[in-house]
Amino acid sequence: MLRVLVIDDEAMVRKIVRKMLERSGHTVVEAENGKLGIEQLKTATFDLVITDIIMPEMEGIETLINVKRQRPETQVIAMSGGGRTGNVDFLQTAQKLGAAAILHKPFTMSSLASAVEEACGKAVTAAAS
């Protein structure tokens, strides 16, 4: 079982990711931006952080850097649809900075499951409910 922190400014994305991971038996905590996510890391330990790249308060790249600085053992999955810029090169940058896997939005349940398995070696149920 994984303890997962999902950071995304879109409530629907957080909800979908949370439901899928919980269905596979994982514990999920949500944060609506990187700043709040980093606050969560100060008081709790997570096996995996799934973070959006384009967010208010603290961008995902800065969030990733902070996660790796605070908790180097924590795996990170970076996700982005390109946001305002339409540029998905942020995901390659995230990988260079230590993201274990990346996801292009919109993503399928099976893509998310594959990313979690790639990052943590844990199988996740990809079936829709």
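Everything numeric here is computed off the predicted structure, so don't read it as measured data.
The two residues Ala31 and Leu36 have their closest heavy-atom pair at CB-C, 4.0 Å. Residues Ile54 and Ser80 share a closest heavy-atom pair of CG1-OG, 4.1 Å. The two residues Gln75 and Ala119 come nearest to each other via the heavy atoms CG-O, 3.3 Å. Of all heavy-atom pairs spanning Gly37 and Leu5, the tightest one is O-CD2, 3.5 Å. The minimum heavy-atom distance between Gly98 and Leu64, with the atom names listed, is C-CD1, 4.4 Å. Taking all atoms of both residues into account, the shortest heavy-atom contact from Lys68 to Leu97 is CG-O, 4.2 Å.
The closest donor-acceptor contact from the side chain of Asp9 to the backbone of Met55 lies at 3.5 Å or more, if one exists at all. A distance-only check finds a donor-acceptor pair linking the side chain of Arg71 to the backbone of Leu41 [under 3.5 Å]. Although no hydrogens or angles enter the test, the distance criterion places a donor-acceptor pair under 3.5 Å between the side chain of His26 and the main chain of Leu2.
With sequence neighbours left out, Glu30 forms a salt bridge (charged side-chain N to carboxylate O under 4.0 Å, His left out) with Arg14, Arg18.
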Derivation and outcome, side-chain contact (heavy atoms from CB on, under 4.5 Å), residues Thr51 and Ile77: CA-CA 6 Å; Thr51 185; Ile77 296 173; over 6 Å; no
Derivation of the side-chain contact (heavy atoms from CB on, under 4.5 Å) call for Val49 and Val4: CA-CA 6 Å; Val49 173; Val4 183; over 6 Å; no
Test side-chain contact (heavy atoms from CB on, under 4.5 Å) applied to Val116 and Leu21, step by step: CA-CA 9 Å; Val116 171; Leu21 293 173; 4.0 Å; yes
Working for side-chain contact (heavy atoms from CB on, under 4.5 Å), residues Phe46 and Thr27: CA-CA 9 Å; Phe46 296 94; Thr27 302; over 6 Å; no
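The distance from atom NE2 of His104 to atom CG of Leu91, rounded to the nearest 0.5 Å, is 5.0 Å. If you take CD on Glu10 and NZ on Lys15, they are separated by 14.0 Å, rounding to the nearest 0.5 Å. One distance of note links CD of Glu59 with CG of Asn33; it measures 10.5 Å at 0.5 Å rounding. In this structure, CD on Glu117 lies 10.5 Å from OG on Ser24, to the nearest 0.5 angstrom. Remark: Arg69 CZ to Ile38 CD1 distance equals 9.5 Å, nearest 0.5 Å.
Side-chain atoms of Ile102 and Phe107, non-hydrogen and from C-beta on, never get closer than 4.5 Å to each other. Taking the side chain as every heavy atom from C-beta outward, Thr74 and Asp47 never approach each other to under 4.5 Å.
With respect to the salt-bridge test (charged N to carboxylate O, under 4.0 angstrom), the residues Lys105 and Asp8 qualify.
Residues in residues 34-43 take part in these side-chain hydrogen bond (donor to acceptor under 3.5 Å, both in side chains) pairs, two or more places apart or across chains: Glu39-Lys42.
Ile50 pairs with exactly one of Val13, Leu112, Ile7 by the side chain to side chain contact (heavy atoms under 4.5 Å, CB included) rule, that one being Leu112.
A donor and an acceptor atom, one from each side chain of Thr108 and Ser111, are located under 3.5 Å apart.
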